[in-house]
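Notes to accompany the following structure.
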Amino acid sequence: MLGRGWIALVALGLAAQPAGTLTEQYREVATKLIDAAMVDQGGMEKLSYLCDRIGNRLSGSLGLEKAIVWAAAQMNHDGLVNVSTPRVKVPHWVRGRESLEIVGPIPQPLVLLGLGNSVGTPAAGVEADLIVVHTFEELDAAGARVKGKIVLFNVPFTNYGETVRFRSSGPSRAARLGAVAMLVRSVGPPGLRLPHTGALSYADGQPRIPAAAITTEDAARLQRMVDRGTPVRLKLMMDARFLPDADSANVIGEIRGRELPDEIVVVGGHFDSWDVGTGSTDDGGGAIATWEALRIMKKLNLRPRRTVRLVLWTNEENGGRGGLAYRDQHSAELGRHVMMLESDSGVFRPIGFGFTGSDTARARVRDIARLLTGIHADAIGAAGEEADTTPSVQQAHIPSMSLDVDGNYFLIHHTPADTVDKIDPLHIARASGAIAVMAYVVAEMPERLR
Ligand SMILES: [Zn+2]
């Protein structure tokens, strides 16, 4: 809450705030927000219902449709206003049945997950000899030996950005040389023979071949066999296919600003998930942590100067249409977006926020983050753009933030193990509190963040 003395300073044009000023100004309200986040299990209750009762939420699925209807009703129940579900057309990919087996030298079924957006195989499957490579250069060097083969990219996980390119571009790189199917070692750390799905991206002008992820353990086994000079023959069967684009929606709710309602602070996460597991850490928990930030403000009867808007984006995983639709449907007001924050790094101990924006804005955000030292969530990292905010952020040069966490996201995301039991209620509560403080102060402080 602003005191009269502060307003006088602003009026005198002395509002350039030294470091620490915001901290003192908002310490009391920040403490209230964090305390409120920690005393109830609201976030965990929502997440359990979403994941256990509604289930996973791939674009085009009944689960996602049900989740959208439920979220809009719950936002109204929480007292948010202007709750809406603007329509978004999304790709409708279905996995169908799938299997992979070693045919020779000995028969053995392997664990797989088809990659999102992959084509299927003919009904009888694809049977071919295996070739293992570890880089795109090694693939290209293999040249004519790739033709008619099933290619395995056996690339150890380093970090997501570095390793994921074999999943996304590998199929077309292999198809260019005549491969009949592509396998990728799962893009994640070893984890008890768990396959990790995720989207591929076919290049224009290349044949579209079926593609799947196998486990680290099975990739290592195939590698050992090839290293011993044993020819390996595999059979892949996938029913995967696209249906016509489906109707979906982003879900939006607000706390309307009391003085500058047309200036908007956006927080949110993506509401779709993969079709295995229940999308608990990716990104049910991330989405609900931002939602809870608004519920906590409402619970404390806090109505900041500017509008705080919650957006649950659709179709992040295999199309990004929700983020694009938000940009296009709100293009007239993007210039009045003060900041956009997306939480999509899983639910683990929050350590702070990534930030992308001007140096002045970064200094201000650092100052606000000092309010979070008590819960050790005060670090401000180098970059804050996330998949769903990027289209809007880049179009209108909006300061952007991500929630940064300390956890092994890539161990379970995109796997059947992404279930609610992995989520610590304390982490979702702390994340809600940290996001509530950041969003509230950015929406409340006299000067616009820029
Ligand atoms: Zn995600």
Side-chain angles (χ1 to χ4, degrees), residues 43 47 50-51 54-61 63-64 67-68 71 88 90-91 93 113 115-117 157 159-161 163-164 167-168 186-189 194 196-201 213 248 250-251 266-291 310-326 340-348 350 353-354 383-393 400-405 407-420 422-423 427-428 431 435:
L47 186 63
L50 174 70
C51 296
I54 296 178
N56 56 42
R57 304 173 298 284
L58 185 58
S59 290
S61 68
L64 181 54
I68 288 166
V88 181
V90 294
W93 179 82
L113 275 177
L115 296 184
N117 300 345
F157 180 73
N159 62 64
Y160 199 66
T163 321
V164 77
R167 186 189 82 204
S168 51
S186 286
V187 181
L194 262 183
H196 297 231
T197 190
L200 62 72
S201 174
S248 188
N250 293 330
V251 192
V266 167
V267 298
H270 68 85
F271 217 39
D272 66 310
S273 75
W274 283 106
D275 56 332
V276 293
T278 57
S280 299
T281 203
D282 186 10
D283 183 30
I288 285 172
T290 60
W291 178 351
L310 172 68
V311 185
L312 307 181
W313 287 277
T314 191
N315 187 228
E316 188 272 342
E317 295 291 5
N318 68 332
R321 300 264 186 94
L324 292 168
Y326 184 87
M340 294 183 81
L341 181 155
E342 180 168 12
S343 168
D344 185 19
S345 296
V347 181
F348 300 97
F353 298 90
E385 287 184 33
E386 291 280 8
D388 298 295
T389 54
T390 293
S392 301
V393 160
S400 62
M401 301 184 80
S402 56
L403 180 70
D404 286 354
V405 296
N408 203 349
Y409 192 35
F410 300 111
L411 183 63
I412 62 167
H413 99 146
H414 300 189
T415 79
D418 185 1
T419 47
V420 129
K422 312 299 187 307
I423 307 294
H427 292 159
I428 197 167
I435 294 163

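Everything numeric in this text was worked out from a predicted model, so none of it was measured. Keep in mind that the numbers below use all heavy atoms, side chains included, and drop hydrogens, waters and symmetry copies. Each ligand, and each atom within it, is numbered from 1 in the order the structure gives.
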Can you see which heavy atom on [X] is nearest to which on [Y], and at what distance?
X	Y	result
V187	H196	O-ND1, 3.8 Å
I288	I428	CG2-CD1, 4.2 Å
G323	S392	O-OG, 4.4 Å

I'd like to verify the contacts: list protein N, O or S atoms under a distance of 2.8 Å from the Zn ion (ligand 1).
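Under 2.8 Å from the Zn ion (ligand 1) - ignoring waters, which are not counted - the protein N, O or S atoms are H270 NE2, D282 OD1, D344 OD1, D344 OD2.
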Do the side chains of L194 and P416 get nearer than 4.5 Å, heavy atoms only?
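Side-chain contact under 4.5 Å: yes.
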Side chains of H270 and D282: is there a donor and an acceptor less than 3.5 Å apart?
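D282 and H270 do have a side-chain donor-acceptor pair below 3.5 Å.
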Does the ring center of H414 lie less than 6.0 Å from the ring center of Y409?
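No, the ring centres sit 6.0 Å or more apart.
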